[in-house]
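In the text below, chain A, chain B and the rest are named by the order of the sequence lines, each starting its count at 1. Reckoned from all heavy atoms, side chains included, excluding hydrogens, waters and symmetry mates.
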Amino acid sequence: MNALPDNVKQAIAGWLQSGEIELFIGYEASSLPLQATPAFVRKAEDLDRLIWDATCENNLVSFLKQFRGKKVGLMVKGCDARALVGLMREGQLVRDNLRIVGVCCLGVVDAKRVAAAAGQAVEELDGRVTGTDVLTADQHLALSSVMHATCAACRHHNPEIYDILIGEPVADADDDPFDDIRAVEALGSAERWARFEHELSKCNLCFACRNVCPFCYCNTCFADKTMPRWFTATAEPKDIQFYQIIRTFHLAGRCVGCNACSRACPQGVDLRTMLDKLRLDVWELYQDDAGVNPQGHPPLTTYREDDDNSFVL
Amino acid sequence: MSDAWEPKILAFLCNWCSYAGADLAGTSRIQYPPNVRVIRVPCSGRVNPIFIVEALRQGADGVLVSGCHPGDCHYLAGNYYARRRFALLQRYLEYLGVEPGRVQFSWVSASEGARFAEVVTQVTESVRALGPSTKLNINALKEQV
Ligand code: SF4
Ligand code: SF4
Ligand code: SF4
């Protein structure tokens with residue numbers, strides 16, 4: 001567990017004291033092993049609580065929907081920063097209202113994987129992180145072996161936007177980030193359906209995936225709307241599939257692949273293989289990546305006359 | 001069941017082109033399969049993807065969305081926006097395992113009555129070949145249990 005570097009603490013203290021921001025969102029240690037918890041700091045003297053290490057898994061950008069129009073500072077990993085960029089291009093955030101502490105991230109720990117390696121329940125773990133090592137009572141694990149699967153697939157370790165940076169930039173792999181999607185595409189239609197059905201059979205409609213997604217900022221979600229009522233939350237698999245198809249499709253051209261939704265899911269539903277298909281198609285059809293250009297237009301809010309027409313009868 | 005089964009196809013037709021095209025097919029007495037149930041919408045751009053998924057959920061065996069040809073939209077660009085949405089939705093549903101052909105798109109103008117009949121025939125026959133829709137279909141499940 002690492003306290004923030006002094007220069008970073010000083011910068012945040014300065015922002016808070018000058019009124020440039022009224023709130024700073026960072027991480028602090030929690031009562032759960034290997035999982036930091038979001039911390040909301042309004043006074044410079046509380047900054048000593050804040051930490052940064054591989055237990056800081058939450059995407060703090062998700063909280064900004066609760067502070068619309070407010071001047072807020074926050075810590076972002078590479079993937080989280082892409083969500084900031086995506087929200088800026090949707091007109092949801094103003095850069096001037098934000099003060100951003102970027103962190104170059106090597107990946108964050110999946111406590112469930114550590115628990116599995118230690119043969120213990122997550123709550124029983126006696127674990128801590130030093131740099132890229134994860135230590136349990138009697139084991140010494142490499143971070144790369146126990147980080148979230150989504151971090152292993154990460155191609156955005158370094159934040160695209162920040163005011164102050166923690167750590168040295170990390171090299172991003174330059175292989176195909178969508179190779180697992182192409183592997184699913186190569187399966188037969190029935191096999192893909194079986195896969196999808198099985199995956200969603202774990203879902204219990206807790207809506208954590210929606211609540212945590214930085215882009216699910218609608219005042220009334222289709223899933224909660226009563227006039228008209230599109231969706232009734234039942235245990236019926238087809239209702240669950242309906243919710244998931246629509247929720248993920250609402251992210252088409254907007255999802256930055258931060259994977260906050262998959263990490264938040266208490267049931268371990270693999271949402272990434274759904275959302276990354278949309279990201280892949282958006283890239284192939286419209287050469288757009290949501291997390292890159294804060295001035296751009298989301299691809300479904302624009303068009304080109306020569307867009308692909310080959311699928312039309 | 002297979003003898004009696006006829007595919008049910010829900011068609012969202014834009015008011016200005018495809019709906020008028022369907023009208024023309026009717027007034028010109030062009031024969032086409034009676035399997036489509038038409039919902040008139042102001043523009044193909046009005047078709048929310050949720051309508052399409054909900055149609056499959058409610059038991060449609062196929063869904064057709066048809067609008068004005070690119071460049072001819074009554075609202076200038078509604079069909080261009082729609083085209084992006086539909087391209088992604090069609091690929092996405094197929095990726096998840098919905099059979100290719102359940103959800104189809106076409107452009108049919110007000111003067112293309114014969115073309116409307118052709119599209120409907122083509123969609124009906126391809127959906128017939130797929131058989132009844134069971135994935136996403138909430139009624140299919142009830143019948144099985
Ligand atoms: S699922 Fe759709 S309607 Fe619901 S919050 Fe997300 S984007 Fe909005
Ligand atoms: S859908 Fe999931 S991966 Fe995509 S932006 Fe939202 S939380 Fe991140
Ligand atoms: S977080 Fe997981 S269990 Fe909860 S609604 Fe989303 S997919 Fe389902």
Side-chain angles (χ1 to χ4, degrees), chain A residues 181 184-185 187-197 199-200 222-223 225 228 230-232 234 236-239 241-250 252-253 273-282 284-286 288 298-313, chain B residues 44-45 48-54 56-59 64-67 69-71 73 77-108 115 118-120 122-123 126 130 134-142:
Chain A
I181 303 303
V184 176
E185 283 174 343
L187 302 172
S189 183
E191 238 177 313
R192 272 179 273 130
W193 181 260
R195 210 188 146 280
F196 170 65
E197 230 180 359
E199 204 52 48
L200 292 191
F222 82 93
K225 231 187 174 116
W230 291 113
F231 168 71
T232 314
T234 72
E236 162 58 46
K238 294 182 183 191
D239 285 334
Q241 291 158 8
F242 180 82
Y243 161 73
Q244 293 291 357
I245 292 175
I246 302 300
R247 207 293 284 185
T248 50
F249 198 73
H250 280 185
T273 334
M274 297 176 70
L275 290 154
D276 273 6
K277 166 61 178 170
L278 291 167
R279 294 209 299 134
L280 171 60
D281 282 348
V282 164
E284 283 187 354
L285 289 168
Y286 311 120
D288 185 81
L300 291 183
T301 67
T302 181
Y303 65 89
R304 280 202 321 253
E305 289 180 11
D306 63 351
D307 278 338
D308 177 43
N309 197 66
S310 62
F311 70 99
V312 182
L313 288 177
Chain B
S44 52
N48 186 330
I50 213 169
F51 299 173
I52 297 171
V53 181
E54 176 68 2
L56 294 173
R57 185 176 166 281
Q58 297 270 354
L64 169 68
V65 181
S66 190
H69 286 271
C73 176
N79 55 357
Y80 284 127
Y81 291 106
R83 184 167 62 179
R84 285 197 161 195
R85 233 179 279 150
F86 299 154
L88 286 170
L89 183 69
Q90 193 186 52
R91 285 179 175 219
Y92 192 45
L93 292 176
E94 292 182 13
Y95 172 82
L96 296 174
V98 174
E99 305 90 336
R102 290 271 179 224
V103 179
Q104 305 199 41
F105 304 94
S106 65
W107 311 129
V108 173
R115 163 131 176 94
E118 264 167 43
V119 165
V120 167
Q122 192 183 337
V123 171
S126 62
L130 291 173
T134 54
K135 296 164 184 168
L136 299 173
N137 178 352
I138 200 101
N139 300 313
L141 186 94
K142 284 181 199 138

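- Neither the backbone nor the side chain of A:Glu199 comes within less than 4.5 Å of any heavy atom of chain B.
- The contact between A:Ile181 and chain B is made by backbone and side chain atoms together, counting heavy-atom distances below 4.5 Å.
- Here the closest heavy-atom approach between residue B:Arg115 and residue A:Leu313 is recorded as NH2-O, 3.0 Å.
- Ion pair B:Arg57/A:Glu236 not flagged as a salt bridge, since none of the NZ, NE, NH1 or NH2 atoms sits closer than 4.0 Å to an Asp/Glu carboxylate oxygen.
- For B:Glu54, the parts sitting under 4.5 Å from any heavy atom of chain A are the backbone and the side chain alike.
- Minimum interatomic distance between B:Tyr95 and A:Thr273 (heavy atoms only, all atoms of both residues): OH-O, 2.8 Å.
- Side-chain contact between B:Leu88 and A:Phe249 is present, with heavy atoms from C-beta onward closer than 4.5 Å.
- Checking side-chain atoms of A:Arg192 against main-chain N and O of B:Glu94 turns up a donor-acceptor pair under 3.5 Å.
- Top candidate by heavy-atom pairs under 4.5 Å with chain B, chosen from A:Asp307, A:Ile245, A:Leu300, A:Asp308, is A:Asp307.
- Contact annotation for B:Gln122: only side-chain heavy atoms (C-beta onward) come within less than 4.5 Å of a heavy atom of chain A.
- Looking at every heavy atom in both residues, A:Lys238 comes nearest to B:Ala140 through NZ-CB, 4.4 Å.
- Only the side chain of A:Phe222 comes within less than 4.5 Å of a heavy atom in chain B; its backbone stays farther off.
- Taking 4.5 Å as the limit, some side-chain heavy atom of B:Tyr92 sits within range of a side-chain heavy atom of A:Leu278.
- Note: B:Asn48 CG to A:Trp230 CH2 = 6.0 Å, rounded to the nearest 0.5 Å.
- Annotation: side-chain hydrogen bond (donor to acceptor under 3.5 Å, both in side chains) contacts of A:Asp288 (sequence neighbours excluded): A:Arg89.
- Both the backbone and the side chain of B:Leu89 come within less than 4.5 Å of a heavy atom in chain A.
- Counting heavy-atom pairs under 4.5 Å between each of A:Val282, A:Thr248, A:Leu285, A:Thr301 and chain B puts A:Leu285 at the top.
- In this structure, the side-chain contact (heavy atoms from CB on, under 4.5 Å) partners of A:Asn309, at least two apart in sequence or on a different chain, are A:Val312, B:Pro70, B:Arg83, B:Trp107.
- The shortest heavy-atom contact between B:Val53 and A:Phe242 is CG1-CD1, 3.6 Å.
- B:Ile138 contributes atom CD1, which lies 8.5 Å from atom OG1 of A:Thr232 (distance to the nearest 0.5 angstrom).
- Between the CD1 atom of B:Ile50 and the NZ atom of A:Lys225 there is a distance of 8.5 Å, given to the nearest 0.5 Å.
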Check your understanding: Given B:Phe86 and A:Phe311, is the ring-ring contact (aromatic ring centres under 6.0 Å, His included) satisfied, shown in steps?
Key -> CA-CA 9 Å; B:Phe86 299 154; A:Phe311 70 99; 7.6 Å; no
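- Listed here is the closest heavy atom pair of B:Arg84 and A:Arg304: NH2-N, 3.9 Å.
- Residues B:Asn79 and A:Tyr303 have side chains not in contact (no heavy-atom distance under 4.5 Å, counting atoms from C-beta outward).
- Note on A:Ser310, A:Ala194, A:Ser189: by heavy-atom pairs under 4.5 Å with chain B, the leading option is A:Ser189.
- The parts of B:Val98 that come within reach of chain A are both its backbone and its side chain, each placing non-hydrogen atoms under 4.5 angstrom from that chain.
- Separation of atoms NZ (A:Lys277) and CZ (B:Arg91) is listed at 6.0 Å; rounding is to 0.5 Å.
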